[in-house]
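Read through the structure below, which is laid out as structure tokens, and then see the notes.
Source: prediction; values computed, not measured. We count residues from 1, following the sequence as given. No hydrogens, no waters, no symmetry mates; every other heavy atom, side chains included, goes into these values. Atoms within a ligand are numbered from 1 in the order they appear, just like the ligands themselves.
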Amino acid sequence: MSHNHPEIIDNLSVDETSRNFYQNVMQTQMTRREVMAGVTAATAVAAGGSLLASCTGDGLMEAPTPAVTSIAKSLADRVVIPAGYTATVLYSLGDPVKAGIPAYKNDGTDTDFANRAGDHFDALYFFGMNAAGTFQADNSARGLLCMNHEALTEAFLHAGKIDNTRTNGNRRVSSQVLKEIEAHGISVIEVTRGVTGNGVTQVLDSAKNRRLTARTPMTFSGPAAGDARLKHKSYTANGATFGDGISTQGTLNNCANGYTPWGTYLTCEENWAGYFFRGKADQTRRDDIERYGIRTINAAGAAVDSVGFQGHNWDTADGNEEEFKRFDCTATGADGSADYRNVPNNFGYIVEVDPFNPASVIKKRTALGRMGHEGCWPGKITAGKPVTFYMGDDGRFEYIYKFVSSANWDPADVGGGVAAGDKYMNSGKLYAAKFDSSGNGTWLELAPGQNGLSSANGFGTQADVAIVTRRAADIAGATNMDRPEWATVNQANGDVFFTLTNNSGRGNGAATELPEIYKGGQDIGVDAANPRVNNGNGHIIRIREAGGDNSATNFRWEILVFGARADNAANNISQLTSVSDFSSPDGLWMDPRGLLWIQTDDGSTFTTGTGAAGSGSEALSNNQMLVTIPGEFGQVPVIRRFLVGPKGCELTGVDMTPDGKTMFVNIQHPGEVVTNLDLTKPATFQSHWPMGSNPLADAASGTARPRSSTIVITKDDGGIIGL
Ligand code: FEO
Ligand code: CA
Ligand code: CA
Ligand code: CA
């Protein structure tokens, strides 16, 4: 494709496109900007030459400009969006999922989170639904909104200050553990438009409404199902029995998501390792434990003399419930059938849920590997071609993965539920990405006999790959990335975008990260695809598969943009300005019109700095959502700031109704900084957002506990968001 025909035009369908937008695209194609001025040859080389990929010698061509007037950065305790847009709060922490559940009091006394919104709203996805209650992809008036509840701000879930430690023999209170476990998982809620406008409301009496939690029964499928490493001491909870390596209880740390072309939701288990405790009495080195961050031995193989991870410590519950004790994975019995040493192997998967059929089995798809799964996004959907999924493993120096189904896509499978999932997600090839310095890359198949994997090094079967996937990718020689978070795929041309959020361990002189330890205890330095030492602000990478075929095994790549403070010229490789600067890209979504939405989860000075004004280390803004049009390979994206969130929040989760007129955005953990929290003194809360139903109202004067929430954004003129 030439520069005169950026793929955004291929994305446009006449009925979805405003005249203004079309004119805008045509005009901006004509503009050129000397964006390379000030970018030294050294930084361009450090960036893998990618910024020069399409340089014609007189500067790079700018990509089309989104039709959004950039808003200012904000440190206020409110949501800020551009003029001409309206926002409402749809659904917040603790809200009833169905009729008959009492309203949320938000004072720590509420119970029954299996029927309330969980905490830490993360990725979301809107599935259009028809009158018969089945999947209708193009229905904007009615649908099922699925979303993840990743984690907790524990302090606000309980009535008073809690002790969640395990030191000095402290034990958790079982009722608190139950609440915390049920506040994880996913929500499925029906939403509908009224007779006027594009706003939506929750349909509380819908039979589709439900919560899945870290207690809900699920089933393993794919190569690891039934494997001995998934089996554990048998226990019964809620009438179901677990431990046979086929049935398992719950999903944990559901971060980003994905969807399938047949109409199911994919929820992804990310930082599940942090929920487990392994006592120091168990010092046997096991890749399936240590390589995933549950450590009892250090890099040199010596015993770690501590009480282990101080997470939620659910295993200490004072009611001695077996379903809570399973979070202690210390080997204590004769083998894995006598204790819970293998329970961590029950987590770290892509989980498929059919939102339209509450009675259907929930399936953990082991063929897609076990890792800190951020998300799982389909490549371009083409009849007669394999179904493909792109996945990031969010850890420092972890990898980018791709799954290519054995079966070819048959559109007759739309609406096929988890039976269709069995067809496309249990058999296929799993790959990890290798990026070379010339701007090319290779997908390395992870399978016995491929890329150095063999029974001699622990990979004699595909089940070995499915359970210890990170180690397989280590051996295969995949490229260690700067924390791969979300991906998104341009469904018009197959281009793939990944956020690499940051990596403070990159080239920092210390080999403390797990891949560094497993690669011989060497500090991993920069490479072409991850070119910044101590990458504090992250970047976004673009992958273009050979022939535009998402099942290809070779690709080209470039860095689309580097995050930076605009006031830090030395670090601002992409020459961001005050209207476009950002740090730590995380959420990423290309809408059907080709707009790329970028959400941030920043911990750098950009968001948390405490320096004096003008010092360059003062906080510039709360986390935010930006929008751009990536244009053609080698073009410089023009970025506009669309939304800034309240204090202490992360922006994560964005989708729209298929007509583009109703946007859903999740505001995760407002007020998450609880260092000085005193629950009896609301002035010590970092945030009180949201203030009622208006997310734009300033919550600075509020007294309420903050709540993760889904907000709905519409355009005042009834038009398409972002155009
Ligand atoms: Fe849960 Fe990597 O974000
Ligand atoms: Ca390091
Ligand atoms: Ca994330
Ligand atoms: Ca993040």
Side-chain angles (χ1 to χ4, degrees), residues 118-124 147-153 184-186 251-258 267-275 293 299 347-348 371-377 391-401 480-487 498-527 530 532-540 563 582-589 598-604 606-608 623-625 645 648-654 666-669 672 708:
D119 204 352
H120 283 208
F121 292 31
D122 207 297
L124 54 74
M147 73 179 72
N148 291 343
H149 302 291
E150 182 184 31
L152 311 173
T153 306
H184 284 74
I186 78 167
T251 185
L252 267 179
N253 207 255
N254 306 82
C255 184
N257 65 355
T267 186
C268 308
E269 300 180 323
E270 189 194 22
N271 290 312
W272 49 271
Y275 294 78
F347 295 93
M371 59 193 78
H373 271 300
E374 180 77 18
C376 186
W377 291 276
M391 302 175 284
D393 180 359
D394 184 5
R396 297 185 186 96
F397 303 109
E398 295 299 347
Y399 307 111
I400 285 174
Y401 295 86
N480 298 98
M481 308 302 288
D482 285 347
R483 294 187 54 203
E485 298 243 31
W486 289 49
F498 264 97
T499 49
L500 298 161
T501 192
N502 56 59
N503 184 353
S504 59
R506 173 75 64 182
N508 67 350
T512 57
E513 312 296 342
L514 292 167
E516 293 179 320
I517 292 167
Y518 272 80
K519 284 197 166 178
Q522 297 294 312
D523 176 41
I524 299 174
V526 297
D527 59 36
N530 304 275
R532 288 201 286 198
V533 171
N534 276 325
N535 183 7
N537 303 122
H539 54 288
I540 301 175
F582 68 94
S583 178
S584 299
D586 185 342
L588 190 68
W589 177 57
I598 304 165
Q599 299 178 312
T600 68
D601 171 19
D602 182 53
S604 78
F606 199 104
T607 303
T608 65
N623 276 306
Q624 52 176 316
M625 180 165 73
C649 83
E650 161 185 349
L651 264 295
T652 184
V654 53
N666 270 345
I667 308 292
Q668 189 188 65
H669 62 60
E672 76 159 346
S708 288

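- Look at Arg396 and Asp482 and you find no salt bridge, because none of the NZ, NE, NH1 or NH2 atoms lies under 4.0 Å from a carboxylate O.
- Counting heavy atoms from C-beta outward, Val654 and Met625 have side chains that approach closer than 4.5 Å.
- Around atom 1 (Fe) of ligand 1, the protein contributes the following N, O or S atoms at distances under 2.8 Å: Glu150 OE2, Cys255 SG, Glu270 OE1.
- Phe347 and His373 have their aromatic ring centers separated by at least 6.0 angstrom.
- In plain terms, the two heavy atoms of Asn148 and Ala256 that are nearest each other are ND2-O, 3.0 Å.
- Residues Asp602 and Thr600 bring no donor and acceptor atom of their side chains to less than 3.5 Å of each other.
- In this structure, His149 has its ring center no closer than 6.0 Å to that of His184.
- Counted by atom type alone, Glu516 and Gln522 present zero donor-acceptor pairs between their side chains at under 3.5 Å.
- Side-chain atoms of Glu269 and Asn254 form no donor-acceptor pair, as typed in the model, at a separation below 3.5 Å.
- In this structure, Trp486 has its ring center under 6.0 Å from that of Trp377.
- Each protein N, O or S atom less than 3.0 Å from the Ca ion (ligand 4) was counted, giving 3.
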